[in-house]
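Below is one structure, written out as structure tokens; the observations come after it.
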Amino acid sequence: MDINIIETENPGGFNFDLTQTFECGQYLNFNKLGENDFETSSYGKYLRIYQENNRIYFETSREDFENTWRKFFDFDTDYKKIYDTIKSRAEKNGDENLLNAAKYCSGIRILRQNPFECLISFIISQNNNIPRIRKIIGRLCENHGEKIHGNYHAFPDCKTIANLTPGDLAVIKAGFREKYILDAAKKINSGEINLDLIYSLDTAEAVEYLKRIKGVGDKVASCVLLFGYNKLDAFPVDVWIKKTLAKYYPEDFRNLDYKKYFGEYAGVANAYLFYYEREKNKK
């Protein structure tokens, strides 16, 4: 298949930022090659992607760009509308922290990840830090994924993982998470869990459905729904979000309905808050 460099300007019509999008905690299967320069794979396809100012460059075939990557990066969604809605709601609530986060993180796009890859990635993320999560995913791909570009390996599919033994999986060094990875793959491969069914469920129903998998709780399920199914009202609560809520919001805030407070795009607001607080902490 011929590889082209496909150029697109300001996809989605608003402030796309490749680094913010990759490094905001939503996606864990990539290598950073340089400033605003990344390689990744999804759906069995390899991609190198880099940004110069408002222009994004894809090293891929035209067919893969149209059939895989346009949807993956959610280029056809109006993110100006989402940003304006979150900003307006924050102003109405007098929420200065969310206003600042939205302005700082306006380049984030919520990716439409492969649901199975997203699920396994966030099972691996439990009680873990991002550098270690990415190393485990890298070992999973290198040892059990198909080689698709040079020495780059794709994320292994459900059937491949379902047919592994605990001994096979030990090489990825995921610890207690290995049994959860196998449980997820076996249940999906057997049809006990139908990932396609989740598209037709509302967010609350889908959380409970995913929790049938061992090791999947509210946080992992919410991440999968937000980042794998584009259910933008999902609101994952991890360590950084807990810190943010405790720091900037009332004590009883955890008892509130996050969707009621943050609105229909609660998940995008969540991504803004996560990345903004983490970046402030770095500085």
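The chain is numbered in sequence order, starting from 1. The analysis underlying the following values was restricted to heavy atoms, covering all of them including side chains, and did not include hydrogens, waters or symmetry mates.
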**OP:** Following the transitive rule for hydrophobic clusters with a side-chain heavy-atom cut-off under 4.5 Å over Ile, Leu, Val, Met, Phe, Trp and Tyr, establish whether Leu197 and Val220 coincide in one cluster.
**Re:** yes

Original post:
OG1 of Thr203 to NZ of Lys231: how many Å apart, nearest 0.5 Å?
Top reply: 5.0 Å

Original post:
So how far is it from Arg134 CZ to Ser125 OG, rounded to the nearest 0.5 Å?
Top reply: 14.0 Å

Subject >> CG (Asn53) with more than 12 external heavy atoms under 6.0 Å >> reply: no

Subject >> side chain to side chain donor-acceptor pair (under 3.5 Å) partners for Thr165, two or more places apart >> reply: Asp168

**OP:** May I ask whether Tyr152 and Phe65 are part of the same hydrophobic cluster, defined by side-chain heavy atoms of I, L, V, M, F, W, Y residues being less than 4.5 angstrom apart, directly or through others?
**Re:** no

Subject >> Residues in salt bridge (charged side-chain N to carboxylate O under 4.0 Å, His left out) contact with Glu205, at least two apart in sequence or another chain >> reply: none

Original post:
Do any N or O atoms from the side chain of Ser222 and from the backbone of Lys219 form a donor-acceptor pair under 3.5 angstrom?
Top reply: no

Subject >> NZ or CZ of Arg89 within 45° of Phe262 ring axis and under 6.0 Å >> reply: no

Subject >> Test side-chain contact (heavy atoms from CB on, under 4.5 Å) applied to Lys173 - qualifying residues, sequence neighbours left out >> reply: Arg139

**OP:** State which residue, out of Tyr276, Tyr83, Tyr272, fulfils the ring-ring contact (aromatic ring centres under 6.0 Å, His included) condition with Tyr104.
**Re:** Tyr276

Subject >> Main-chain N/O of Glu96 paired with Asn100 side-chain donor or acceptor, under 3.5 Å >> reply: yes

**OP:** Give the C-alpha distance, both sets of side-chain angles, the deciding distance and a yes or no for side-chain hydrogen bond (donor to acceptor under 3.5 Å, both in side chains) between Glu23 and Tyr275.
**Re:** CA-CA 8 Å; Glu23 297 187 347; Tyr275 188 70; 4.7 Å; no

**OP:** Determine the minimum heavy-atom distance between Ser106 and Asn15, stating which atoms define it.
**Re:** OG-ND2, 3.0 Å

Original post:
Under the side chain to side chain donor-acceptor pair (under 3.5 Å) test, which residues partner Tyr248, sequence neighbours left out?
Top reply: Glu277, Lys280

**OP:** Would you check, one step at a time, whether the test side-chain hydrogen bond (donor to acceptor under 3.5 Å, both in side chains) holds for Tyr249 with Asp95?
**Re:** CA-CA 9 Å; Tyr249 297 91; Asp95 191 339; 2.7 Å; yes

**OP:** Enumerate the residue pairs fulfilling ring pair (Phe, Tyr, Trp, His ring centres under 6.0 Å) with a member in residues 206-234, sequence neighbours excluded, ordered by first and then second residue.
**Re:** Phe122-Phe227, Tyr199-Tyr229

**OP:** Could you tell me which non-hydrogen atom of Ser61 sits nearest to which non-hydrogen atom of Ile6, and how far apart they are?
**Re:** O-CD1, 3.7 Å

**OP:** Give a yes or no on whether the backbone of Leu18 and the side-chain of Gln51 come within a donor-acceptor separation of less than 3.5 Å.
**Re:** yes

Subject >> Rounded distance [0.5 Å steps], NZ in Lys147 versus OH in Tyr46 >> reply: 13.5 Å

Subject >> Asp37 bridged to Arg48 by N-O distance under 4.0 Å >> reply: yes

**OP:** Name all residues meeting the salt bridge (charged side-chain N to carboxylate O under 4.0 Å, His left out) criterion together with Lys187; count only those two or more places apart in sequence or in a different chain, and write none if there are none.
**Re:** Asp183

Subject >> Short side-chain to backbone donor-acceptor contact, Glu178 and Ala174, under 3.5 Å >> reply: yes

Subject >> OH on Tyr43 to NZ on Lys71, rounded to 0.5 Å >> reply: 5.5 Å

Original post:
Side-chain heavy atoms under 4.5 angstrom apart, residues restricted to Ile, Leu, Val, Met, Phe, Trp, Tyr: same cluster for Ile137 and Phe176?
Top reply: yes

Original post:
How long is the span from the CD1 atom in Ile49 to the CZ atom in Phe58, to the nearest 0.5 Å?
Top reply: 3.5 Å

Original post:
What residues form a side chain to side chain donor-acceptor pair (under 3.5 Å) with Glu91, not counting sequence neighbours?
Top reply: Lys87

Original post:
Are the charged groups of Asp74 and Arg112 less than 4.0 angstrom apart, N to O?
Top reply: yes

Subject >> Residues, nucleotides or ligands: over 12 heavy atoms within 6.0 Å of Lys179 NZ >> reply: yes

Original post:
Pick one: which of Leu119, Ile120, Leu164 meets side-chain contact (heavy atoms from CB on, under 4.5 Å) with Ile181?
Top reply: Ile120

Subject >> Qualifying residues under side-chain contact (heavy atoms from CB on, under 4.5 Å), relative to Ser42, sequence neighbours excluded >> reply: Tyr27, Trp69, Phe72, Asn114, Glu117

Original post:
What is the distance from atom CG of Asn29 to atom CD of Glu39, rounded to the nearest 0.5 Å?
Top reply: 10.0 Å

Subject >> His144 (side chain) donor-acceptor with Glu142 (main chain) under 3.5 angstrom >> reply: no

Subject >> Contact summary for Gly25 and Leu28, nearest pair of heavy atoms >> reply: O-CD2, 4.4 Å

**OP:** With side-chain contact (heavy atoms from CB on, under 4.5 Å) as the test, would you mind laying out the steps for Val207 and Leu225 before giving the verdict?
**Re:** CA-CA 8 Å; Val207 166; Leu225 296 178; 3.5 Å; yes

Original post:
Looking at residues at least two apart in the chain, or sitting in another chain, which of them share a salt bridge (charged side-chain N to carboxylate O under 4.0 Å, His left out) with Glu66?
Top reply: Arg62, Arg70

Subject >> Minimum heavy-atom distance between Leu140 and Phe155, given as atom pair plus value >> reply: CD2-CZ, 3.8 Å

Subject >> Side chain Asn270, main chain Ala234, donor-acceptor under 3.5 Å >> reply: no

**OP:** For Ile86 and Ala269, work out which heavy atoms get closest and say how close.
**Re:** CD1-N, 3.7 Å

Original post:
Do other residues, nucleotides or ligands put more than 12 heavy atoms under 6.0 Å from Asp202 CG?
Top reply: yes

Original post:
Does atom NZ of Lys259 have more than 12 heavy-atom neighbours from other groups under 6.0 Å away?
Top reply: no

Original post:
For Thr21, which residues count as a side-chain contact (heavy atoms from CB on, under 4.5 Å) partner, sequence neighbours excluded?
Top reply: Phe16, Gln26, Arg109, Leu111

Original post:
Are Phe73 and Phe38 an aromatic pair by the rule of ring centers under 6.0 Å?
Top reply: no

Subject >> Leu99-Tyr79 co-clustered via ILVMFWY side chain contacts under 4.5 Å >> reply: no

**OP:** Return yes when atom NZ of Lys32 has more than 12 non-hydrogen atoms of other residues, nucleotides or ligands closer than 6.0 Å, and no otherwise.
**Re:** yes

**OP:** Could I get the full list of side chain to side chain donor-acceptor pair (under 3.5 Å) partners for Thr244, not counting sequence neighbours?
**Re:** none

Original post:
Can you get from Leu33 to Tyr57 by hopping between Ile, Leu, Val, Met, Phe, Trp and Tyr side chains that sit under 4.5 Å apart?
Top reply: no

Original post:
Looking only at heavy atoms, what is the nearest atom pair of Ile110 and Ala271, with distance?
Top reply: CD1-CB, 3.9 Å

**OP:** Run the numbers on Leu232 and Leu226 for side-chain contact (heavy atoms from CB on, under 4.5 Å), then give the verdict.
**Re:** CA-CA 6 Å; Leu232 298 183; Leu226 178 58; 4.0 Å; yes

Subject >> Chi angles and distances behind the side-chain contact (heavy atoms from CB on, under 4.5 Å) call for Asn189, Phe116 >> reply: CA-CA 11 Å; Asn189 192 55; Phe116 177 73; over 6 Å; no

**OP:** For Asn128, check side-chain contact (heavy atoms from CB on, under 4.5 Å) against everything at least two apart and list the hits.
**Re:** Ile124, Arg132, Ile133, Ile136, Arg177

